[in-house]
Amino acid sequence: MKNTTPKIIAIAAVSGGGKTTITSRLGQVLRNSKTIFFDDYDFEGPVDIIDWVERGADCNEWYIDPLISDIHNFVSSKNVEFILLDYPFSRLHDKLRNIDLTIFIDTPLDIAMARRILRDYKNSNVEVILGELSNYLSRGRIGYEIMLKNIKPKSDLIIDGSLSVDEIVKIMCKEINKNGDQA
């Protein structure tokens with residue numbers, strides 16, 4: 001174990017893009033790592049996500065202090081080399097710019113939507129699924145597009161989200177090793 005500050009690695013993707021799966025797997029591969037998942041928090045933020053996106057999707061409208069507190073706790077812990085964030089905003093929130101490596105999983109939108117339906121609606125009736133697809137087409141897709149416009153180009157590493165989980169994690173580990181850390 002190195003006696004240094006842990007490296008903070010943020011993994012972003014659109015909903016259904018693989019953030020949680022990849023972050024979990026990377027946490028299994030990287031020794032002395034801790035994982036933080038955005039969806040484990042109940043953040044205060046915009047009530048209407050589409051309105052927020054249409055107004056420019058300012059990440060600073062989200063109150064992320066509980067997440068930042070958990071990061072600080074891990075930073076001050078012993079035997080932690082990597083803090084892995086399943087986190088959609090990359091370095092765009094003013095309170096969390098000290099990320100060492102940002103990774104965007106560039107998952108094709110059709111794959112992301114299929115994953116979301118399989119994950120979130122597997123026990124739903126057809127009307128509910130059709131309603132979600134209709135909402136995606138009429139309002140929701142803009143949220144995905146804003147991530148592709150705002151988050152993806154500001155990421156340090158962009159990985160094809162249609163690759164297998166193992167391939168994606170291998171690419172991530174190679175990048176982490178390239179930066180002087182041992183994955």
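Here, residue 1 is the first one in the sequence, and each next residue gets the next number. Note that the structure is a prediction, hence the values are computed from the model and not measured.
- Residues satisfying the side chain to side chain donor-acceptor pair (under 3.5 Å) test with N150, not counting sequence neighbours, are none.
- The CD atom of E81 lies 11.0 Å from the CD1 atom of I176; values are rounded to the nearest 0.5 Å.
- In terms of heavy atoms, R91 sits closest to R97 at O-NH1, 3.2 Å.
- Counting only distance, with no hydrogens or angles, the side chain of S24 and the backbone of T20 share a donor-acceptor pair below 3.5 Å.
- Closest approach of P153 and L148 over heavy atoms only: CD-O, 3.3 Å.
- Listed by chain and residue number, I8, L96 satisfy the side chain to side chain contact (heavy atoms under 4.5 Å, CB included) test with N98 (two or more places apart in sequence, or in another chain).
- Note: Y41 and F43 have parallel aromatic rings, judged against thresholds of 30 and 60 degrees for the angle between ring planes.
- Every residue two or more places apart in sequence or in another chain that forms a side chain to side chain contact (heavy atoms under 4.5 Å, CB included) with P46 is listed here: W52, R55, E61, W62.
- Residue pairs meeting the ring-ring contact (aromatic ring centres under 6.0 Å, His included) criterion with at least one partner in residues 126-163, sequence neighbours excluded, are Y136-Y144.
- The line from CD1 of I83 to CD1 of I36 is 6.0 Å long, rounded to the nearest 0.5 Å.
- The side chain to side chain contact (heavy atoms under 4.5 Å, CB included) check on Y63 picks up E44, D65, P66, with sequence neighbours excluded.
- Using a 4.5 Å heavy-atom cutoff, the side chains of P88 and F38 are in contact.
- Both Y121 and L137 are part of a single hydrophobic cluster, where members link through side-chain heavy atoms under 4.5 Å apart.
- The salt bridge (charged side-chain N to carboxylate O under 4.0 Å, His left out) test applied to D39 returns no partner, not counting sequence neighbours.
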Under the criterion side chain to side chain contact (heavy atoms under 4.5 Å, CB included), I'd like the reasoning laid out for K154 against T102: C-alpha separation, chi angles, the key distance, then a yes or no.
CA-CA 8 Å; K154 293 182 174 76; T102 60; over 6 Å; no
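- Distance NE2/H93 to CG/L67: 9.5 Å, rounded to 0.5 Å.
- Going from atom CZ of F37 over to atom CG of L85 covers 10.0 Å, rounded to the nearest 0.5 Å.
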Please lay out, stage by stage, how T35 and D86 fare under the test side chain to side chain contact (heavy atoms under 4.5 Å, CB included).
CA-CA 8 Å; T35 53; D86 164 345; over 6 Å; no
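- Of all heavy-atom pairs spanning M172 and L26, the tightest one is SD-CD2, 3.9 Å.
- Judged as a salt bridge (Lys or Arg N to Asp or Glu O under 4.0 Å), the pairs with a partner in residues 11-30 (not counting sequence neighbours) are, in order, R25-D166.
- Smallest separation of non-hydrogen atoms from G140 and I50: CA-CD1, 3.8 Å.
- Evaluation of the side chain to side chain donor-acceptor pair (under 3.5 Å) rule for K152 yields D106 as partners, not counting sequence neighbours.
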Assess whether side chain to side chain contact (heavy atoms under 4.5 Å, CB included) is satisfied between K178 and L101, documenting all intermediate values.
CA-CA 12 Å; K178 184 175 94 175; L101 177 64; over 6 Å; no
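- A pairwise comparison of heavy atoms in S155 and S90 identifies OG-OG, 4.3 Å as the closest pair.
- The salt bridge (charged side-chain N to carboxylate O under 4.0 Å, His left out) check on D120 picks up R116, with sequence neighbours excluded.
- Hydrophobic clustering keeps I111 apart from L109 (ILVMFWY residues linked when any side-chain heavy atoms are closer than 4.5 Å, directly or through intermediates).
- By the salt bridge (charged side-chain N to carboxylate O under 4.0 Å, His left out) test, K170 is found to be paired with no residue, residues two or more places apart in sequence or in another chain being considered.
- Looking only at side-chain heavy atoms (C-beta outward), D70 and K34 stay at 4.5 Å or farther from each other.
- In summary, K149 and E145 do not engage in a salt bridge, as defined by a charged side-chain N under 4.0 Å from a carboxylate O.
- Counting non-hydrogen atoms of neighbouring residues, nucleotides and ligands closer than 6.0 angstrom, the CG atom of D42 reaches no more than 12 such neighbours.
- Contact of the D48 side chain with the E54 side chain is not registered, since no non-hydrogen atoms from C-beta on lie closer than 4.5 Å.
- A search for salt bridge (charged side-chain N to carboxylate O under 4.0 Å, His left out) contacts involving D110 returns nothing, not counting sequence neighbours.
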Pair V126-L130, side chain to side chain contact (heavy atoms under 4.5 Å, CB included): steps then yes or no:
CA-CA 6 Å; V126 172; L130 292 174; 3.6 Å; yes
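- Residues V29 and F82 are members of one and the same hydrophobic cluster, defined by side-chain heavy-atom contacts under 4.5 angstrom among Ile, Leu, Val, Met, Phe, Trp and Tyr.
- The nearest pair of heavy atoms linking T107 to G17 is OG1-O, 2.7 Å.
- For T21, the side chain to side chain contact (heavy atoms under 4.5 Å, CB included) criterion is met by V165, not counting sequence neighbours.
- Rounding to the nearest 0.5 angstrom, the gap separating the OG1 atom in T23 from the CD1 atom in I103 is 8.5 Å.
- With rounding to the nearest 0.5 Å, the separation of CD1 in I105 from CD1 in I171 is 10.5 Å.
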